[in-house]
K.L.:
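Below are the structure tokens for one structure; questions will follow.
Model, not experiment: these values are computed from the prediction.
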Amino acid sequence: MAKAGSMLGSGAIIVVDDTNKVVDVALKLAKFYKHESCGKCSPCREGTNWTVKMLQRIDEGVATPMDLDILSSVQDQIMGNCLCVLGDAMAMPLSSMVKKFRGEFEEHIELARTRNPYPDEVAA
């Protein structure tokens with residue numbers, strides 16, 4: 001499984017259809033793992049927190065397509081560097097989502113930007 005770029009052990013299968021937005025699925029997944037992190041190792045503690053914040057930026061239309069590259073890079077840094085596989089269990093599917101559905105992430109950013117052209121002013 002490792003040679004195929006996957007893993008066994010998290011015991012979860014997520015099935016979604018095309019009515020679900022990939023950004024929503026990614027954000028829900030990241031929030032779950034952030035909540036479940038014990039906080040003992042930096043890659044998981046900081047990585048899950050940072051991933052949630054970045055996905056929220058994407059959802060709000062504040063991110064740029066370059067942020068998707070950074071998001072993928074952070075997932076690569078989490079994988080294999082945690083004390084347990086919890087970080088890997090988040091990073092692997094998120095990395096795959098960005099790789100396989102990048103167009104949907106980019107479209108989501110643009111649509112969110114048009115709905116909220118001044119996100120900093122609205123948040124203030």
K.L.:
Among residues at least two apart in sequence or on other chains, which ones pass side-chain hydrogen bond (donor to acceptor under 3.5 Å, both in side chains) with S96?
P.N.:
none
K.L.:
What pairs of residues pass the side chain to side chain donor-acceptor pair (under 3.5 Å) test when at least one of them lies in residues 69-86, not counting sequence neighbours?
P.N.:
T51-Q75, D69-R102
K.L.:
Can you measure from NZ (K99) to CG (L68) and round to the nearest 0.5 angstrom?
P.N.:
14.0 Å
K.L.:
At what distance, to the nearest 0.5 angstrom, does CG of L86 lie from CZ of F32?
P.N.:
7.5 Å
K.L.:
I need the M54 CE to L27 CG distance, nearest 0.5 Å.
P.N.:
12.5 Å
K.L.:
Tell me the closest heavy-atom pair linking A112 and D59, and the distance in Å.
P.N.:
CB-O, 3.3 Å
K.L.:
Would you compute the distance between atom SG of C44 and atom CG of L83 and round it to the nearest 0.5 angstrom?
P.N.:
9.0 Å
K.L.:
Between R113 and E110, does at least one N-O distance fall below 4.0 Å, as a salt bridge requires?
P.N.:
yes
K.L.:
Look at the side chain of S37 and the backbone N and O of K34, then say whether any donor-acceptor pair between them is shorter than 3.5 Å.
P.N.:
no
K.L.:
Does T64 offer a backbone N or O that forms a donor-acceptor pair with the side chain of D67 under 3.5 Å?
P.N.:
yes
K.L.:
Applying side-chain hydrogen bond (donor to acceptor under 3.5 Å, both in side chains), name anything that partners T48, two or more places apart in sequence or on another chain.
P.N.:
none
K.L.:
Could you state the interatomic distance from CE (M90) to CE (M79), rounded to the nearest 0.5 Å?
P.N.:
9.0 Å
